[in-house]
> 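Below is the structure I would like to discuss, written out as structure tokens.
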Amino acid sequence: MKISPSLLSANFGNLDNDVRMLNNSLADMIHLDIMDGVFVPNISFGFPVIKFVQKIATKPLDVHLMIVNPQNYISQVRDCGAEIMNVHQEACIHLHRTVQAIKNAGMKAAVTLNPSTPVSSLEDIITELDMVLLMSVNPGFGGQSFIPNSLKKVKQLKELISLSGSKASIEVDGGVNLETGKLLAEAGADILVAGNAVFSAQDPLKMIEELHNL
């Protein structure tokens with residue numbers, strides 16, 4: 001199982017230390033949640049923080065834009081060193097155009113679905129995607145409880161990917177811990193985003209290793 005620890009739960013008073021810890025872990029990438037207080041009811045951090053992380057990180061940056069009009073920021077995300085740019089299906093009126101623009105900018109294109117958005121909404125674009133992120137909580141805040149219906153959506157997405165011939169990987173974010181992570185692995189998830197489970201653990205490196213081994 002690939003792991004993408006979410007910096008939303010990191011210690012921003014000592015972010016340098018937390019990023020270096022992730023560099024030395026079995027994490028496969030670093031997840032950065034950008035929130036605007038409009039698309040989601042919270043504000044997190046912006047491009048200066050991504051640039052700071054990029055200078056230190058040795059892992060690929062998995063940038064998740066929980067914002068309106070994400071297509072307006074493709075060049076900024078690229079210039080911050082992101083390998084993956086993740087936009088919400090619900091925030092993109094012209095999703096195909098946005099996905100193509102992300103790829104043309106040299107990044108991998110990912111699309112996120114909120115808990116109430118059906119997997120079927122991606123039928124016409126799934127073959128264009130490198131990754132799909134399923135939110136297993138309502139986006140905007142860390143530390144929420146896992147929504148059980150997410151397991152059904154992972155299975156549906158796995159089937160859609162298989163039937164379409166898409167090479168997209170399945171990422172899941174929200175309420176991920178060792179218990180829910182095991183269920184998600186069994187359902188077919190490829191990548192787990194973990195925030196509180198990692199940064200609240202007594203031994204974050206061990207927690208990442210245990211999630212990685214699911």
> Is there side-chain contact between Glu159 and Val119, with heavy atoms separated by less than 4.5 Å?
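SC-SC contact between Glu159 and Val119 ruled out.
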> Once side chain to side chain contact (heavy atoms under 4.5 Å, CB included) is applied, do any residues pair with Asn24, and if so which ones, sequence neighbours excluded?
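Checked Asn24 against side chain to side chain contact (heavy atoms under 4.5 Å, CB included); zero matches.
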> Quick one: closest heavy-atom pair of Pro70 and Leu65, and the distance?
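Shortest heavy-atom separation between Pro70 and Leu65 comes out as CB-CD1, 4.0 Å.
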> Between Glu83 and Pro60, what is the shortest heavy-atom contact and its length?
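Nearest heavy atoms, Glu83 then Pro60: OE1-CB, 3.5 Å.
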> Do the side chains of Val49 and Val193 join up, straight or via other hydrophobic residues, at under 4.5 Å, putting them in one cluster?
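Each belongs to a different hydrophobic cluster.
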> Would you indicate whether the side-chain heavy atoms of Leu183 and Phe146 approach each other to under 4.5 Å?
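They are not in contact (no side-chain heavy atoms under 4.5 Å apart), so the answer is no.
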> Among all residues two or more places apart in sequence or in another chain, which pass the salt bridge (charged side-chain N to carboxylate O under 4.0 Å, His left out) test with Lys59?
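Checked Lys59 against salt bridge (charged side-chain N to carboxylate O under 4.0 Å, His left out); zero matches.
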> Any heavy-atom pair between the side chains of Ser121 and Leu113 that's under 4.5 Å?
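With C-beta onward as the side chain, the pair touches.
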> Taking all non-hydrogen atoms of both residues, which atom of Val40 and which atom of Pro139 are closest, and how far apart?
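In this case the closest contact between Val40 and Pro139 is CG1-O, 3.7 Å.
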> With sequence neighbours left out, what residues match Lys51 under salt bridge (charged side-chain N to carboxylate O under 4.0 Å, His left out)?
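Listed in chain order: nothing, the list is empty.
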> Hey, quick one: are Leu15 and Ile208 part of the same hydrophobic cluster, counting side-chain heavy atoms closer than 4.5 Å, chains of contacts allowed?
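In one cluster: yes.
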> My understanding is that only one of Leu133, Val132, Ile161 makes a side-chain contact (heavy atoms from CB on, under 4.5 Å) with Ile170; could you say which?
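Answer to the side-chain contact (heavy atoms from CB on, under 4.5 Å) test with Ile170 among Leu133, Val132, Ile161: Ile161.
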> How far does CZ of Phe47 sit from CD of Gln76, to the nearest 0.5 angstrom?
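So the CZ of Phe47 and the CD of Gln76 are separated by 5.0 Å.
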> Can you sort out the partners of Glu210 under salt bridge (charged side-chain N to carboxylate O under 4.0 Å, His left out), two or more places apart, ordered by chain and number?
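Result, salt bridge (charged side-chain N to carboxylate O under 4.0 Å, His left out) vs Glu210: none returned.
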> Who passes side-chain hydrogen bond (donor to acceptor under 3.5 Å, both in side chains) against Glu123, sequence neighbours left out?
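Testing Glu123 for side-chain hydrogen bond (donor to acceptor under 3.5 Å, both in side chains), a comparison that skips the adjacent residues, returns none.
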> Side chain of Ser166, backbone of Ile126: donor and acceptor closer than 3.5 Å?
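Judged by distance alone, yes, a pair lies under 3.5 Å.
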> Partners of Asp16 by salt bridge (charged side-chain N to carboxylate O under 4.0 Å, His left out), sequence neighbours excluded?
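Scan of Asp16 (salt bridge (charged side-chain N to carboxylate O under 4.0 Å, His left out), adjacent residues dropped) gives Arg20.
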> With distance as the sole test, does Lys153 use its side chain to make a donor-acceptor pair with the main-chain N or O of Pro115 at under 3.5 Å?
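At least one qualifying donor-acceptor pair exists.
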> Go through the structure and list residues passing side-chain hydrogen bond (donor to acceptor under 3.5 Å, both in side chains) with Asn42, not counting sequence neighbours.
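None.
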> Any idea which heavy atoms bring Gly181 and Leu214 closest together, and the distance?
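Heavy-atom minimum between the residues: C-CD1, 3.5 Å.
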> Pairs of donor and acceptor atoms involving the side chains of residues 6-14, under 3.5 Å and at least two apart or interchain, shall be tabulated with distances.
from	atom 1	to	atom 2	distance (Å)
Ser6	OG	Leu8	N	3.3
Ser6	OG	Asp33	OD2	3.0
Ser9	OG	Asn196	N	3.3
Ser9	OG	Asn196	OD1	2.9
Asn11	OD1	Gly13	N	2.9

> Rounded to the nearest 0.5 Å, how far apart are CG of Asp79 and CD of Gln54?
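The CG atom of Asp79 sits 10.5 Å away from the CD atom of Gln54.
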> Not counting sequence neighbours, which residues clear side chain to side chain contact (heavy atoms under 4.5 Å, CB included) with Ala109? List them please.
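With sequence neighbours excluded, Ala109 shows a side chain to side chain contact (heavy atoms under 4.5 Å, CB included) to Val99, Ile102, Lys103, Asp130, given in chain and number order.
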> Side-chain donor-acceptor pairs under 3.5 Å in residues 89-97, sequence neighbours left out?
from	atom 1	to	atom 2	distance (Å)
Glu90	OE1	His88	ND1	3.0
Glu90	OE2	Asn114	N	2.7
Glu90	OE2	Thr117	OG1	2.5

> Hey, could you give me the CE/OG distance between Met207 and Ser200, rounded to the nearest 0.5 Å?
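Between Met207 CE and Ser200 OG, I get 9.5 Å after rounding to 0.5 Å.
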> Would you say the side-chain atoms of His31 pair up with the backbone N or O of Ser4, donor to acceptor, closer than 3.5 Å?
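Not confirmed, His31 side chain does not pair with Ser4 backbone.
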> Does the side chain of Ile43 come within less than 4.5 Å of Asp36's, by heavy atoms?
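No - every pair of side-chain heavy atoms lies 4.5 Å or more apart.
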> Any side-chain to backbone donor/acceptor pair from Ser25 onto Leu22? Under 3.5 Å, distance only.
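A pair under 3.5 Å: yes.
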> For the OG atom of Ser150 and the CG atom of Leu184, what is their distance to the nearest 0.5 Å?
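That separation rounds to 7.5 Å.
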> List, by chain and number, the other hydrophobic cluster members for Ile191, where Ile, Leu, Val, Met, Phe, Trp and Tyr join if side-chain heavy atoms come within less than 4.5 Å, directly or indirectly.
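Taking Ile, Leu, Val, Met, Phe, Trp and Tyr as members, Ile191 shares its hydrophobic cluster with Met29, Ile84, Met131.
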> Is any side-chain heavy atom of Ile3 less than 4.5 Å from a side-chain heavy atom of Met1?
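The answer is yes, as the side chains (C-beta and beyond) meet within the 4.5 Å cut-off.
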> Quick check: is Leu151 connected to Leu211 through a chain of hydrophobic side chains (ILVMFWY, heavy atoms under 4.5 Å apart)?
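Yes, because Leu211 and Leu151 connect within a single hydrophobic cluster, where side-chain heavy atoms sit under 4.5 Å apart.
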> Would you sort out whether His212 and Leu192 count as a side chain to side chain contact (heavy atoms under 4.5 Å, CB included), showing the intermediate values?
CA-CA 9 Å; His212 181 78; Leu192 299 179; over 6 Å; no
> Is there a chain of hydrophobic side chains (I, L, V, M, F, W, Y, each step under 4.5 Å between heavy atoms) that links Leu122 to Val154?
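Yes, one cluster joins them.
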> Can you tell me how far apart NZ (Lys152) and CD1 (Ile147) are? Round to the nearest 0.5 Å.
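CD1 of Ile147 is found 13.5 Å from NZ of Lys152.
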> Please check if Met35 and Phe52 belong to a single hydrophobic cluster, counting links between Ile, Leu, Val, Met, Phe, Trp and Tyr side chain heavy atoms closer than 4.5 Å.
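No, Met35 and Phe52 fall in different hydrophobic clusters.
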> If you count the non-hydrogen atoms of other residues, nucleotides and ligands that lie under 6.0 Å from CG in Asn104, is the total more than 12?
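Enclosed: over 12 neighbouring heavy atoms sit under 6.0 Å from CG of Asn104.
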> Which atom pair, heavy atoms only, marks the closest approach of Tyr73 to Val68?
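Minimum heavy-atom separation between Tyr73 and Val68: CE1-O, 4.3 Å.
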> Testing the basics here: between Thr112 and His64, what is the closest heavy-atom pair and its distance to 0.1 Å?
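Nearest pair, atom of Thr112 first, then His64: OG1-NE2, 3.5 Å.
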> Per the side chain to side chain donor-acceptor pair (under 3.5 Å) rule, what does the pair list look like for residues 178-195, sequence neighbours excluded?
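Sorted result for residues 178-195: Asn177-Thr180, Lys182-Glu186.
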